[in-house]
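Some notes on the structure that comes next.
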Amino acid sequence: MREINRYLVTAALPYANGPLHIGHLAGAYLSADIYSRYLRLTGQDVAFICGSDEHGAAITIKALQENKEPQEIVDTYHALFQDTFQKMGISFDKYHRTSAELHHQTSQDFFRELHKRGEFIEKESEQYYDPIAKQFLADRYIKGTCPKCSHDSAYGDQCEKCGSALSPTELINPESTLSEGKPELRTTTHWFLPLDKYEGWLNEWINKGTVDGEQLHFPEEWKNHVLGQCRSWLDNGLHPRAMTRDLSWGVDVPQEIPGAEGKKLYVWLDAPIGYISATKEWAAENDKNWEDYWKSEDSALIHFIGKDNIVFHCLIFPSILKAHEGYVLPYNVPANQFMNLEGDKISTSRNWAIWVHEYLEDMPDKQDELRYALAKNMPELKDSEFTWKGFQDANNNELVNNLANFINRVVVLTNKYYDGAVPDFDEDTSFIGPEGEESLPAFHDSELVRLNDNLLDYRQQMCKFDFRGGLKTLMLISSQGNQILQANEPWKLIKEDEEAVKPIMNLMLQYLKVLAVGMRPFLPFSADKMMTLLNLPAITEEGELNAIGESLCEGELIVPVAHKIGTPSHLFSRIDDEVIKAQVEKLEATKVASTPSATPAAPLKSTVQFDDFMKMDLRAATIIEAKKVKKADKLLELTLDVGFEKRTVVSGIAQHFSPEEALGQQVTLLANLAPRKIRGVESQGMILMAENGDGSLKFIQPTEGTENGSSIS
RNA sequence: GGCGUGGUAGCUCAGCUGGUUAGAGCGCAGCAUUCAUAAUGCUGAGGUCGACGGUUCAAGCCCGUCUCACGCUACCA
């Protein structure tokens with residue numbers, strides 16, 4: 001196995017079209033930060049890299065909606081991200097952005113190299129082109145009449161009214177949203193990465209960790225859900241994947257390549273290369289060589305991501321790296337699952353989230369409290385749940401009552417008995433250990449060893465990405481400190497035998513330093529306060545953990561005798577019920593605010609002529625049979641009584657209505673829609689639905705007394 | 001629909017390659033204690049380990065069926 005001498009830690013690039021919520025932190029950033037800080041404490045060479053993902057159609061759309069330039073949108077969110085991460089203590093070595101010139105160059109060079117090597121397959125297809133704007137149009141840039149509901153401004157990929165997924169060529173009267181002109185079909189070329197060709201080595205690499213027999217990682221160290229997802233894809237066979245798009249906002253395909261005009265790199269190619277360009281920028285600023293981190297056999301590349309990104313980071317990006325040659329492949333991808341909030345999925349669109357920038361305003365200087373609550377309950381192996389009550393309990397019962405209180409009682413006693421100076425002691429003085437065990441000669445030494453054993457447990461857990469376990473071990477150290485104090489009762493003992501108190505208090509002070517350093521990855525702000533409290537030099541994350549471990553092993557003190565500590569001050573404070581109640585109410589209020597009236601209505605579509613409308617034949621009809629379409633989650637097969645005949649219609653409403661609910665409903669039918677086979681069933685028309693702001697669907701129903709088959713106009 | 005991952009005490013979660021009475025933290029009850037932010041310590045009560053069936057001397061852990069949650073994917077005129 002190769003030796004590892006440096007680590008490149010990445011956290012998923014956040015997409016610059018909305019603020020960060022606690023799910024983002026719990027999913028990738030906090031884990032990545034904890035791990036990076038931990039590695040630094042063990043003296044490792046670490047580059048912790050991230051940046052804003054600023055390209056893609058979604059950002060252009062948002063810009064259009066808000067009547068802004070895409071650059072304005074990404075500037076706003078990039079600034080917000082930077083600020084939020086910095087305030088939360090996420091210790092990126094470099095936080096970059098994909099709109100940076102360096103990134104454009106880097107990703108273009110990458111594409112060039114792959115192209116030169118002949119790794120791409122070129123595929124032609126017919127696509128709409130706007131002759132006025134002189135570019136191919138992404139699906140989202142084409143509007144037209146929905147063939148399903150006759151909604152007159154359906155997008156090329158989806159009709160927002162009826163929710164149908166569309167392909168641009170299906171639209172009636174397509175129109176470019178850029179120029180409002182009529183687009184024409186033209187042949188366009190795209191470059192595909194033939195993932196199917198890589199199946200062989202990917203299989204070996206994922207399942208055995210080897211490439212050409214060389215051990216690159218250990219699959220048994222990877223998380224189950226990560227391996228499972230990868231194997232699932234591999235077993236089902238991979239397919240070529242387009243690496244370019246016809247878009248206006250993104251990284252240009254190198255223009256010297258024939259056919260590149262108007263083409264942009266696919267964001268999923270562009271984004272992970274952002275890790276590379278960010279590393280380059282960092283290296284240039286810090287007198288490092290970026291290639292050491294990306295191209296050297298003794299570097300470990302670790303991607304922290306959420307579970308929705310697994311395939312990309314475990315299969316597609318590695319394929320890209322390998323096709324280019326010279327790059328290391330990921331050593332581990334410790335993807336987290338998702339964090340739910342108060343019993344519900346976190347949802348940006350439903351505004352069911354705790355926004356980190358708002359938290360920072362509402363709860364000033366409580367970054368570590370949030371970091372603790374998230375870390376303690378991180379979705380490392382399965383989805384987890386965040387509740388405000390849980391947050392309060394974790395703060396009050398664990399941070400305040402256990403940790404901060406332990407620290408405080410030690411500092412108070414030390415100041416009271418020894419005027420703040422670490423006491424010297426007779427090594428043969430005995431006392432009681434945390435489990436109430438009998439004291440032995442030189443007990444203090446063996447207690448230091450025990451402390452080190454805990455530290456070793458902690459280190460092992462941290463190495464295995466078991467951060468919750470590591471945090472728990474630290475809290476155990478704090479608990480054991482409380483136990484030792486309780487068992488020995490120095491406040492009583494001091495009246496009978498002053499000498500006997502000294503080894504106990506000395507040991508407790510050693511505990512405090514271990515806690516301060518060990519907690520640094522989780523609670524960076526508080527760890528610093530602890531060091532100040534102990535009047536010790538600030539933690540620089542340059543191998544302090546190793547130094548402590550070595551000393552403890554040898555039975556040496558890590559806080560020397562006679563060292564003068566600071567005066568007591570509280571590390572954490574209680575969070576009252578009212579504060580929690582206010583947050584819960586704020587969250588509940590978003591549920592009300594997200595009701596249809598508060599959701600912005602879909603923009604009006606462009607004007608149509610009367611004749612266009614008259615082309616549609618709308619009829620009243622009643623659903624007389626309804627059943628689920630097999631092998632389709634969203635489809636109901638409906639039989640409609642249209643008065644003069646019966647029709648079969650397949651409709652994508654199964655997730656909103658059960659067959660029983662649909663049965664007997666009178667609906668509006670678009671009767672002259674061209675028939676189409678869906679999942680083997682011919683659908684003769686389409687029923688009209690209204691979509692509310694919350695995404696729920698309602699039938700468009702004639703009032704009572706309407707006869708089936710009557711014409712609607 | 002296919003594939004993947006999970007469903008363990010009131011709550012949030014651990015349980016390695018199957019092995020004696022299933023664990024932790026919080027909450028709850030009782031006792032002890034006061035140095036400390038009404039903090040701490042000890043003891044205890046709580047689980048048919050999603051359901052059913054199977055393999056085994058032995059299953060939370062293996063196999064099958066089902067169910068629920070989440071992710072990826074297909075479908076969505």
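A note on names: the letters A, B, ... follow the listed sequences, proteins ahead of strands, and every chain is numbered from 1.
With its glycosidic angle more than 90° from 0, B:G23 adopts the anti conformation.
Within the 4.0 angstrom heavy-atom criterion, base atoms lie near A:Phe572. Base contact: A:Ala404 has a heavy atom under 4.0 Å from a base atom. Using a 4.0 Å heavy-atom distance criterion, A:Leu635 is classed as a sugar-phosphate-only contact. Nucleic acid contact for A:Lys492: sugar-phosphate only, since backbone atoms but no base atoms lie under 4.0 Å from a heavy atom of the residue. Contact annotation for A:Lys223: no contact, since no heavy-atom pair falls under 4.0 Å across all strands.
Atom CD of A:Glu645 sits in a crowded spot, with more than 12 heavy atoms from other residues, nucleotides or ligands closer than 6.0 Å. The local environment of CD in A:Glu498 is sparse, with at most 12 non-hydrogen atoms from other residues, nucleotides or ligands closer than 6.0 Å.
Using a 4.0 Å cut-off, no side-chain N or O of A:Lys464 falls inside it from OP1 or OP2 of B:C16. Between A:Lys382 and the phosphate of B:G71, there is no side-chain N or O to OP1/OP2 separation shorter than 4.0 Å. Between A:Gln461 and B:A14 there is no side-chain N or O to OP1 or OP2 distance below 4.0 Å. OP1 or OP2 of B:A14 has at least one side-chain nitrogen or oxygen of A:Arg468 nearer than 4.0 Å. Contact check, A:Asn397 against B:G25: no side-chain N or O comes under 4.0 Å of OP1 or OP2.
Of all nucleotides listed (B:G6, B:U37, B:G41), B:G6 comes nearest to the side chain of A:Asn224. For A:Ser232, the listed nucleotide lying nearest its side chain is B:C3; candidates were B:U37, B:A14, B:C3. Comparing B:A36, B:U40, B:C13 by their closest approach to the side chain of A:Val412 singles out B:A36. Relative to the side chain of A:Gln486, the nucleotides B:G71, B:C76, B:G41 differ in distance, and B:G41 lies closest. Among B:G15, B:G25, B:U37, the nucleotide with an atom closest to any side-chain atom of A:Lys376 is B:G25. With distances taken from any side-chain atom of A:Lys307 to the nucleotides B:U37, B:U5, B:G71, the minimum falls on B:G71. Checking B:C13, B:A36, B:G4 against every side-chain atom of A:Asn405, the shortest atom distance belongs to B:A36. Closest contact between the side chain of A:Glu398 and the listed nucleotides B:C70, B:G25, B:U37 involves B:G25. With distances taken from any side-chain atom of A:Asp383 to the nucleotides B:C70, B:U5, B:G4, the minimum falls on B:C70. Of the candidate nucleotides B:U73, B:G41, B:C13, B:G41 has the atom lying nearest to any side-chain atom of A:Asn482.
There is a side-chain donor-acceptor pair under 3.5 Å between A:Arg409 and A:Asn482. In summary, the side chains of A:Gln337 and A:Lys382 do not present any donor paired with an acceptor at a separation below 3.5 Å, with no hydrogens or angles considered.
Across every strand in view, B:A69 sits in a pair with B:U5 that passes the Watson-Crick or G-U test at under 3.5 angstrom. Within the shown strands, nothing qualifies as a pairing partner of B:U37 under the Watson-Crick or G-U definition with both distances less than 3.5 Å. Nucleotide B:A14 forms no Watson-Crick or G-U wobble pair with any nucleotide shown, as no partner meets the under 3.5 Å limit on both distances.
The closest donor-acceptor contact from the side chain of A:Glu199 to the backbone of A:Gly237 lies at 3.5 Å or more, if one exists at all.
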